[in-house]
Amino acid sequence: MKISSVKGTRDFYPPQMAVRNFIADGWKAASRRCGFEEFDGPIFEYLQMYQIKSGDEIVEQLFHLTDRGGRDLAIRPEITPTLARMVNEQINALPRPIKWFSIPRLCRAERPQKGRLREFFQWNIDIIGEESTLADAEVIFCSIDYLRSTGLTPKDVVAKISSRKLLAALLKNLGLAEDKLSVLYPILDKKAKIPAEAFTEMLGKEISDSNVIHTIMKLMDLHNADDIAGLVNLNEDAKTALAQLQDLFKTLNAMGIGEYCRFDMSIVRGLAYYTGMVFEVHDAVGDLRAVCGGGRYDNLLKDFGGPAMTAVGMGMGDCVLEILLRERGILKNDTLATKTLDYFIAVADPTLADKAVELAAKIRQAGFSCEFPYKTGALGKQLKQASGYNARKTIILGQEYIQDRQIIIKDMTTGQQQVIAEQSLSL
RNA sequence: GUGGAAGUAGCUCAGCUGGUUAGAGCAUUAGAUUGUGGUUCUAAGGGUCGGGGGUUCGAAUCCCCUCUUCCACCCCA
């Protein structure tokens with residue numbers, strides 16, 4: 001009986017695995033450049049861990065299971081709770097700030113669609129225990145630093161940055177109650193994602209004063225922080241938040257990524273737990289969903305039974321990123337080698353087949369990659385095989401070896417070849 | 001969870017309003033090529049036409065169900 005793959009999952013054949021590695025290697029390199037340490041946790045946790053922070057809705061999208069001891073478990077849909085758990089467990093021993101990254105494999109039982117599957121990889125970076133905006137800047141920088149390293153320019157991607165703290169202060173100044181804010185965030189988050197009428201309608205259900213709605217609409221369109229004062233009076237909280245944002249942009253400019261960054265009040269993030277800076281990186285031309293998103297969250301460790309400690313983090317999934325990299329021509333089909341060799345050994349005389357095996361083993365022992373043909377057919381065919389394997393050099397064993405113990409070394413890029421004594425092969 | 005479109009060789013697809021043994025290109029393997037690769041030429045293998053049921057003398061083609069994929073919603077940790 002033939003069994004197919006599960007809905008929303010991917011098989012990574014060597015060419016796809018090469019793409020996945022290309023992405024993950026870039027993530028790791030950027031993380032390390034910016035001083036993050038790698039961590040990982042188990043692929044499943046207690047179901048309860050994911051119920052703490054969120055309601056039943058999220059639990060419905062969990063792959064959950066019961067083990068033989070009757071424990072309710074869930075495959076991780078994100079790694080942040082695991083991070084919080086792990087950090088809490090050793091909070092007193094860990095030097096601060098804690099700068100960790102991870103590339104977890106995650107599962108969510110959602111309806112698969114463009115840029116979203118049921119199993120995927122997500123690069124996470126977090127800085128825990130650092131209050132200054134330098135930490136916010138570092139997280140944004142690292143995200144952009146990666147994207148920039150792939151060849152994406154400010155014309156391709158833009159980091160839209162705002163502040164929950166600023167937004168909260170402004171909304172309160174418009175006369176909205178504190179407990180109304182958490183209802184408004186998910187709605188405001190949709191500003192750019194749904195039609196204008198639908199957005200106004202949703203707002204109208206929560207806010208009766210049409211003047212307030214009008215002001216909020218204008219506010220959400222702001223891309224220049226200086227214009228805020230023209231719309232809403234700035235109270236102390238708003239001034240503080242604004243100053244922090246300006247501080248952040250100053251740092252981002254000093255870091256040389258100012259061109260990638262833009263203030264954008266419409267960035268809210270749907271999640272309740274953000275408390276400060278929020279940002280998303282978007283495809284500048286297309287209409288893909290966000291490439292990555294993140295922000296500052298102050299209460300997460302506490303929610304998981306730890307001390308109150310501020311943190312700032314970012315998550316970037318592999319699906320949307322891959323689509324973007326393909327659209328920009330950075331990733332093309334079959335351009336990534338699935339196999340490369342330092343040496344391939346070709347055998348021009350069948351009696352030397354054993355010698356090829358022996359030599360290959362020696363070359364491998366010296367730390368180089370090497371293969372030999374399992375069937376010693378025509379030399380042309382063996383060279384074809386060497387090409388297919390992306391061998392840098394091919395060693396040809398033939399008459400020269402039988403007569404004088406000499407081998408031919410052919411450079412597969414230039415096609416040039418030289419005859420040398422076997423002993424002088426430098427390994 | 002809702003709506004729309006599509007599933008034919010490993011991949012991209014053709015196959016007319018139902019009519020012999022379902023095709024092409026690419027890929028794979030073999031040969032041209034028993035001492036020189038990435039090009040070329042020749043040949044071969046590879047299909048229960050996504051699966052199940054129905055209509056019919058006859059179904060890849062028409063109808064129903066189901067699975068999967070893509071797109072738009074919902075949601076987004």
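Below, each value reflects all heavy atoms present in this structure, side chains not excepted, and no hydrogens, waters or symmetry copies. Every chain is numbered from 1, with letters handed out A, B, ... down the list of sequences. For clarity, every value in this text was computed on a predicted model and none was experimentally measured.
- Along RNA chain B, the nucleotide closest to A:Ala378 and the one closest to A:Arg111 are compared, and the more 5′ of them pairs with A:Arg111.
- Under 3.5 Å, the side chains of A:Tyr401 and A:Gln406 contain no donor-acceptor pair of N or O atoms.
- With a 4.5 Å cut-off on side-chain heavy atoms, A:Phe279 and A:Ser162 do not count as touching.
- One finds a side-chain N or O of A:Lys190 lying less than 4.0 angstrom from the OP1 or OP2 phosphate oxygen of B:rC76.
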Indicate every side-chain donor-acceptor pair of residues 298-309 of chain A with a distance under 3.5 Å to a residue at least two apart or in another chain.
unit_1	atom_1	unit_2	atom_2	d
A:Asp298	OD1	A:Thr310	OG1	2.4
A:Asp298	OD2	A:Thr275	OG1	3.2

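- The pairing partner recorded for B:rC70 is B:rG4, the criterion being a Watson-Crick or G-U wobble arrangement whose two distances lie under 3.5 angstrom.
- Within the cation-pi definition used here (under 6.0 Å to the ring centroid, within 45° of the axis), A:Arg105 does not qualify as a partner of A:Phe121.
- Between A:Gln418 atom CD and B:rU36 atom P the separation is 20 Å, expressed in whole Å.
- Going from atom CD of A:Glu110 over to atom C1' of B:rC73 covers 14 Å, rounded to whole Å.
- No side-chain donor-acceptor contact under 3.5 Å links A:Asp145 to the backbone of A:Ala30.
- When rounded to the nearest whole Å, the span between CG of A:Leu106 and P of B:rC76 equals 17 Å.
- When the nucleotides B:rC70, B:rC73, B:rC76 are ranked by their closest atom to the side chain of A:Pro112, B:rC70 comes out on top.
- A side-chain donor from one of A:Ser31 and A:Trp123 sits under 3.5 Å from a side-chain acceptor of the other.
- Not counting sequence neighbours, the partners of A:Arg118 by the side-chain contact (heavy atoms from CB on, under 4.5 Å) test are A:Lys7, A:Phe63, A:Pro112.
- When Watson-Crick and G-U wobble pairs are counted only if both distances are under 3.5 Å, B:rU40 pairs with B:rA32.
- If you look at A:Phe44 and A:Tyr46, their ring centroids are not closer than 6.0 Å.
- Between B:rG15 and B:rG23, the distance separating the two P atoms is 15 Å to the nearest Å.
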Extract from the structure each pairing of a protein N or O with an N or O of nucleotides 37-46 of chain B at less than 3.5 Å, listing the distance.
unit_1	atom_1	unit_2	atom_2	d
B:rG37	O2'	A:Ser387	OG	3.3
B:rG37	N1	A:Met412	O	2.5
B:rG37	N2	A:Ser387	OG	3.4
B:rG37	N2	A:Met412	O	2.9
B:rG37	N3	A:Ser387	OG	2.7
B:rG38	O6	A:Met412	O	3.4
B:rG38	N1	A:Met412	O	3.4

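- B:rA30 atom P lies 12 Å from atom CD of A:Gln382, rounded to whole Å.
- Within the nucleic acid shown, A:Gly115 has no heavy atom closer than 4.0 Å to any nucleic acid atom.
- Summarising the geometry, the separation between CG on A:Leu352 and P on B:rG35 is reported as 12 Å, rounded to the nearest angstrom.
- Only the P atoms considered, B:rG47 is 15 Å distant from B:rU8, to the nearest whole Å.
- As rounded to the nearest Å, B:rC63 and B:rU20 have C1' atoms that lie 26 Å from one another.
- For the P atoms, the distance from B:rG19 to B:rC62 is 11 Å, rounded to whole Å.
- The nucleotide B:rC11 finds its pairing partner in B:rG25, both defining distances of the Watson-Crick or G-U wobble pair being shorter than 3.5 Å.
- A:Lys7 has its NZ atom 19 Å from the P atom of B:rG51, to the nearest Å.
- Checked against B:rC76, B:rU36, B:rU34, the side chain of A:Ile408 finds its nearest nucleotide in B:rU36.
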